[in-house]
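Each ligand, and each atom within it, is numbered from 1 in the order the structure gives.
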Amino acid sequence: MNVLLLGAGGREHAFAWKLTQSPLLEKLWIAPGNAGTAICGENVPISQLDFKGIKQFVISNEINIVIVGPEDPLVSGIRDFFIEDPELNHVKLIGPSKRGAMLEGSKDFAKEFMNRHNIPTAAHKTFYSEYLPKAIEYLHTIEPPYVLKADGLAAGKGVVICSDLRQAETELEDMLKNLKFGKASSKVVIEQFLSGIELSVFVLTDGRSYKILPEAKDYKRIGEGDTGPNTGGMGAISPVPFADKVFLQKVEERVIIPTIKGLEEENIDYKGFVFIGLMNVNGDPFVIEYNVRMGDPETEAVLPRIKSDFLEMLVAVADEKLDKVDLQIDDRTAATVMLVSKGYPGDYEKEKQITGFEKVSGSLVFHAGTAAKEGGVVTNGGRVIAVTSLENSLQQALQRSFENAEIIDFEGKNYRKDIGKDLLTYI
Ligand code: AMP
């Protein structure tokens, strides 16, 4: 098969790496890709939002399947664009329709969907810009901490948690009136605070049947001990030791089955990944958020644990035959440590030479923000390299990833040395 993969991060390098293991793969292109994806296939300089450019490329290269990595093209309706175009509607595409993508594109839509299908989630109320006084009045009726969420996509920054009422009022005004997150915060969801431990569960669905992929825990804050500002993700561990059989059974019964049934009942065309962010509250799962694609860096920990032919699974998704394929999972533990640029998640410099790749042993190296330059590889983003190790125990996987995180080097390199250590207490 000829495959076009959209995206440019560590998630896409992990996808590309996995796809190259499939005997079904004829040729892989990645748009726009990075220096890592270029090892697995051919990068093409097309933006993931340039639907017309993508169409031309798909037709002239006889692409059989398009795999969409990030959320933006999905929220912008790339699936609908393909289906509505007679020249494209025979091409398989992995990713939900625009309406399905609203599970990520609108927090209010996601909350209402969960309420319609009795999926456990925090109680909420949604307010529009013109109702700021009502929203402030509502804050006075609930207990702290206050969870305020911009309704739309805000590059992972749209959630603010305040412990103080005055601070919450100012924040709410900033979001609703001053449009702190642009149009995304012209609507704000105010939510009950949930106290517990977080994890992410990933589901692949053809809209009717589903497969549960390995779960993962990620590390969002820049600083050790979960301190400092949020990032795109500093590391991930899979499996998650506190997600035992009993808990995962509850997740399947209370969250996954009603989600897939809900999509079907509402005639939402959904062929792709559902990323379910969960809070484990005293052993019971509550949904914090849906994403309509795989996570980054969770993908770098999850995909190495999938033993089955990934391309075969994605083709089965597109053909609505997912129930016919077998998903085999590696029992070992994957530990992913992200190397980031100095200053990230604030301003950072690019174009720093990356060295040491050839000295890495026993780990997978996924490129996140890199570019090829003059025969070498340079940094090209805040998150630069994800180092993943797959070992029999979490301790071994962490040790291996940290060893190789030291070996790969670039000026200003930073990484969290406590990734996964909190989970050792559950083993
Ligand atoms: P989201 O973008 O919805 O995943 O929210 C970002 C982060 O905010 C989550 O990963 C949680 O750590 C936190 N968060 C979101 N909603 C809640 C909630 N209702 N209670 C406690 N923490 C939350």
Looking at M279, which atoms of ligand 1 are within less than 4.0 Å of one of its heavy atoms? 21 (C), 22 (N)

Using a heavy-atom cut-off of under 4.0 Å, does the side chain or the backbone of N230 touch ligand 1, or both, or neither? neither

Y210 side chain to T259 side chain, donor-acceptor N/O pair below 3.5 angstrom: no

Heavy-atom contacts with E289 under 4.0 Å: which atoms of ligand 1 show up? List them by number with element. 1 (P), 2 (O), 3 (O), 4 (O)

Among all protein non-hydrogen atoms, which one is nearest to atom 19 (N) of ligand 1, and what is the separation to 0.1 Å? E191 OE2, 2.7 Å

Report the nearest protein non-hydrogen atom to atom 11 (C) of ligand 1: residue, atom name, distance rounded to 0.1 Å. E198 OE2, 3.2 Å

The protein heavy atom nearest to atom 5 (O) of ligand 1 is V159 CG2, 3.3 Å

Closer than 4.0 Å to some heavy atom of K149 - which atoms of ligand 1 meet that? 3 (O), 15 (C), 16 (N)

Please work out whether any backbone atom (N, CA, C, O) or any side-chain heavy atom from C-beta onward of K107 is under 4.0 Å from ligand 1, and answer side chain, backbone, both or neither. side chain

Under 6.0 Å from the ring centre and within 45 degrees of the ring axis: does the NZ or CZ of K111 meet both conditions for the six-membered ring of F113? no

In terms of side-chain heavy atoms, does S97 have a donor or acceptor partner in D80 at a distance below 3.5 Å? no

Pick from I306, T333, D331: which one makes a side-chain contact (heavy atoms from CB on, under 4.5 Å) with P214? I306

Pick one: which of E112, E266, K261 meets side chain to side chain donor-acceptor pair (under 3.5 Å) with H117? E266

Selected option - heavy-atom contact closest to atom 23 (C) of ligand 1, from L194, I161, I190: I161

Checking R293 against F275: charged group under 6.0 Å from the ring centre and within 45 degrees of the axis? yes

Salt bridge (Lys or Arg N to Asp or Glu O under 4.0 Å) for E253 and K250? Distances and angles first, verdict last. CA-CA 5 Å; E253 283 167 11; K250 288 183 191 171; over 6 Å; no

